Amino acid sequence: MKKYQIKRPASFQPSIDYAEHLNPEQLAAVTAEGGPSLVIAGAGSGKTRVVTYRVAWLIEHGVNPGRIMLLTFTNKAAREMLHRVELLIKGETRRVAGGTFHHMGNMILRRYGDAINLSSNFTILDREDSKDLIESAVAEMKLRTDKMFPKSNVLMDVISYAVGAEQDISDAMEERHPHLLVYSEEAEKVKKLYDSKKRAMNLIDFDDLLYFWKALLVQMPDLRERLSDRYQHVLVDEYQDTNKIQAEIVDLMASKHKNLMVVGDDSQSIYSFRGACFDNIIEFPDRYTDTKVFKLTTNYRSTEDILHVANESISHNTRQFSKELHALKRTGPQPALIPLQNLSQQSEFIAQRILDFIDEGIPLNEIAILYRSHYQSMDLQMELTRRRIPYEIRSGLRFFEQAHIKDIISYLRAALNPQDEISWTRILRLTPGIGTVTAKKIWEHVRSSAVPLETATSEEMIRIIPRRSRENWHLFRHNMHSLNNEDIIGHPAEAIREVLASGYDNYLKGAFENYDERKEDIEQLANYANNFKSTEAFLSDLALLTSVQSEDIVDPDEEGETIVLSTIHRAKGLEWSRVFILGLVDGSFPPARAMDDFDKEEEERRVFYVALTRAKDELYLCYPIMDNRWHDGSIIKRPSIFIQELPEDALEKWEIEE
């Protein structure tokens with residue numbers, strides 16, 4: 001077949017004055033000749049602007065919109081970019097193939113999936129559907145007889161990670177859930193049965209959209225040639241967040257013309273726990289030896305002093321594309337370093353400083369508190385609640401709304417008040433094999449007894465328990481029996497520790513994909529409980545505070561403004577005028593598990609860099625000197641290595657007075 005291309009007349013002139021709208025660094029990237037290009041876009045440097053103008057420039061210079069593919073991580077990002085292009089060139093952009101990897105995979109498989117025996121009318125499973133189908137496979141294999149066998153959401157996490165990273169299940173299990181590695185062989189069999197069920201029912205999940213897209217390109221070379229020829233230019237946004245299979249798909253789709261532009265920031269590669277592969281961006285020039293590298297270093301967000309701290313910090317990483325951000329905006333207050341006596345004083349300081357900002361007229365939604373792990377926000381949530389400061393949690397549920405925290409509290413409430421049906425029902429149903437009907441039968445016996453706890457832990461209850469659940473019931477009895485000891489239940493921190501050690505820790509391991517984080521939450525809860533002389537006082541205080549949390553004071557005010565509380569990972573891409581980073585001590589940030597691993601330490605420093613560069617005007621780095629977690633006792637904590645390695649003149653040290 002002969003191809004004929006219509007070219008625009010030589011007299012064509014672009015309608016956009018690119019030099020007027022872009023700085024020299026941006027202009028160089030936008031107007032680059034074809035071939036592989038790597039755009040290292042520093043924080044706040046106008047990355048979206050570059051991608052938008054690049055698409056406009058290609059179209060204005062004769063590239064058919066239908067021959068451009070734009071891959072992003074959210075469909076919203078793709079829509080916004082293409083809408084901006086439409087406004088720029090007043091032209092047709094609907095033919096640009098723009099969207100997420102999964103969106104594009106779906107589009108291509110619907111059209112060409114038959115080539116690999118994938119029916120084009122397949123149904124895409126959502127997350128809940130996938131969990132149900134995995135659970136069906138587990139039930140069919142009769143694996144639930146083992147009380148420790150991972151729950152379906154954990155298995156789904158492992159399977160998804162393995163597909164994206166192109167790993168065996170055993171390797172994915174070792175990386176994601178090493179405490180469950182003993183089940184890797186069974187998990188591999190579950191995956192095979194799960195895959196078989198999907199194919200039999202013409203179903204695919206989100207990971208399959210990428211898996212089969214790559215399979216199509218690899219197994220059908222003629223089709224790969226057609227597709228890579230069709231898409232003359234491929235652009236990828238947030239390239240540092242791609243996993244292994246996504247990067248390989250990009251390489252295959254760009255294999256014909258090699259007109260591949262990837263945009264991202266190696267210094268903001270922080271999602272390895274989701275499968276993002278840092279090597280994709282750092283080794284891009286090695287895969288494409290004729291790569292043109294462009295660096296965007298003009299920052300439109302932060303003050304010079306904030307960028308000085310960020311530049312100094314990230315300079316300690318060795319695997320990176322070196323760059324130094326420069327501020328376009330005015331200078332501002334020097335970033336503050338605030339040592340606090342303990343966690344309580346850290347929360348008090350932040351709350352008081354927020355009230356100062358409110359008095360100064362700073363909008364609430366221009367203030368953010370960032371932390372490495374969700375558990376670090378517990379004390380702060382309590383303090384903000386006490387002071388009637390409205391806040392919004394971006395890192396998940398409010399601390400006491402989380403399932404594992406409610407479980408622990410239910411154990412304590414049931415032990416202190418055997419008439420608490422809600423708590424009894426909740427903890428009974430945590431026992432494998434005990435459902436709503438059996439839990440109700442047990443509760444009826446407990447409620448009518450003169451000695452409820454003794455009845456609940458007596459041998460006579462065994463006749464009510466289904467035979468398959470009796471081994472698990474013995475563990476429950478042991479747990480409740482230990483809480484019947486006044487020396488334990490009388491001290492809330494000890495009681496929490498006992499619940500964790502007597503079986504709940506094992507439940508955590510199999511039930512949740514983020515076991516380490518949830519265990520940290522429970523340790524933080526025990527730390528907070530140390531402030532109370534009795535479990536009754538502890539539970540009463542929680543009840544009062546959580547009831548206050550349900551009132552209007554923690555909802556947006558009339559103007560919809562709240563303080564933002566967020567993990568740093570959830571805050572990437574966002575910005576605020578005033579930013580606090582709390583908990584900057586070794587062992588918490590960076591986490592202990594990262595301190596003896598070169599790659600993990602460098603990623604944690606990138607996390608710190610992301611946190612620093614969220615601040616526009618004022619930045620506060622906070623760390624508690626004393627930590628009184630129950631498993632350590634009260635100890636003096638070292639400031640984070642990320643603080644220690646900064647030049648002394650980069651930060652203004654504050655001294656806090658009571």
Side-chain angles (χ1 to χ4, degrees), residues 25-26 29 37-51 73 236-243 247 261-286 291 293-328 335 370 372 566-575 579 581 584 589-590 594 597-616 619 621 640-643 645-647 650:
E25 293 174 335
Q26 295 170 336
S37 298
L38 170 61
V39 181
I40 301 298
S45 63
K47 169 181 65 67
T48 301
R49 190 175 187 83
V50 166
V51 176
F73 275 83
V236 187
D237 188 26
E238 301 286 8
Y239 188 70
Q240 78 281 344
D241 295 337
T242 54
N243 61 24
M261 176 174 282
V262 299
V263 184
D265 185 4
D266 58 300
S267 297
Q268 297 187 71
S269 177
I270 62 174
Y271 293 123
S272 66
F273 67 95
R274 294 181 186 168
C277 181
F278 181 64
D279 289 345
N280 289 348
I281 190 167
I282 207 72
E283 295 178 358
F284 187 86
D286 297 328
T291 295
V293 179
F294 303 92
K295 296 181 181 180
L296 310 182
T297 61
T298 302
N299 178 282
Y300 293 86
R301 175 188 300 153
S302 307
T303 66
E304 193 70 53
D305 291 296
I306 291 172
L307 293 185
H308 176 55
V309 174
N311 288 330
E312 288 290 343
S313 177
I314 202 65
S315 69
H316 290 272
N317 273 10
T318 56
R319 292 193 75 203
Q320 64 167 313
F321 294 102
S322 60
K323 63 182 178 299
E324 185 169 333
L325 298 181
H326 303 282
L328 190 69
L370 307 181
R372 175 59 181 81
S566 176
T567 59
I568 298 163
H569 288 89
R570 293 282 184 95
K572 183 174 170 290
L574 304 175
E575 59 183 46
V579 170
I581 306 174
L584 283 164
F589 193 1
D597 185 300
F598 174 81
D599 289 334
K600 289 180 180 178
E601 182 181 312
E602 292 222 328
E603 178 165 354
E604 290 298 325
R605 190 175 285 106
R606 295 195 293 269
V607 175
F608 184 54
Y609 174 85
V610 167
L612 297 172
T613 53
R614 298 312 93 199
K616 294 190 288 186
L619 176 65
L621 308 181
S640 169
I641 182 64
F642 302 149
I643 290 177
E645 63 194 16
L646 292 172

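If you're wondering where the values come from, they're calculated on a predicted model, not measured in any experiment. When a residue number appears, it is its place in the shown sequence, counting from 1.
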Kindly indicate whether the side chain of [X], heavy atoms from C-beta on, has any atom under 4.5 Å from the side chain of [Y].
| X | Y | value |
| --- | --- | --- |
| Asp265 | Tyr609 | yes |
| His569 | Tyr271 | yes |
| Lys47 | Asp237 | yes |
| Ser37 | Phe294 | yes |

Phe73: partners by ring-ring contact (aromatic ring centres under 6.0 Å, His included), with sequence neighbours left out: Phe101
Those residues that, when tested against Tyr239, pass ring-ring contact (aromatic ring centres under 6.0 Å, His included) (two or more places apart): Phe284
Minimum heavy-atom distance [X]-[Y], with the two atoms named:
| X | Y | answer |
| --- | --- | --- |
| Ser313 | Leu646 | N-CD2, 3.8 Å |
| Thr291 | Pro285 | OG1-CA, 3.8 Å |
| Ser640 | Pro590 | OG-CD, 3.5 Å |
| Ala571 | Leu370 | CB-CD2, 3.8 Å |
| Ser302 | Leu307 | CB-CD2, 3.8 Å |

In Å, rounded to the nearest 0.5 Å, how long is the span from [atom1] of [X] to [atom2] of [Y]?
| X | Y | atom1 | atom2 | result |
| --- | --- | --- | --- | --- |
| Thr303 | Lys616 | OG1 | NZ | 12.0 Å |
| Phe273 | Glu603 | CZ | CD | 8.0 Å |
| Ser566 | Leu574 | OG | CG | 7.5 Å |
| Glu324 | Ile314 | CD | CD1 | 13.0 Å |
| Leu325 | His308 | CG | NE2 | 13.0 Å |

Sole residue of Ile40, Leu38, Asn280 in side-chain contact (heavy atoms from CB on, under 4.5 Å) with Asp266: Ile40
Listed partners of Ser45 passing side-chain contact (heavy atoms from CB on, under 4.5 Å), at least two apart: Ala41, Leu296
Parallel, tilted or perpendicular, as decided by the 30° and 60° cut-offs, for the rings of Phe589 and Phe608: perpendicular
Verdict with supporting geometry, Glu602 and Gln320, side-chain contact (heavy atoms from CB on, under 4.5 Å): CA-CA 10 Å; Glu602 292 222 328; Gln320 64 167 313; over 6 Å; no
Would you mind checking if [Y] and [X] are paired as a salt bridge, meaning a charged N to carboxylate O distance below 4.0 Å?
| X | Y | value |
| --- | --- | --- |
| Arg605 | Glu601 | yes |
| Lys572 | Glu238 | yes |
| Arg274 | Asp241 | no |

Worked check of side-chain contact (heavy atoms from CB on, under 4.5 Å) between Ile581 and Leu619: CA-CA 8 Å; Ile581 306 174; Leu619 176 65; 4.0 Å; yes
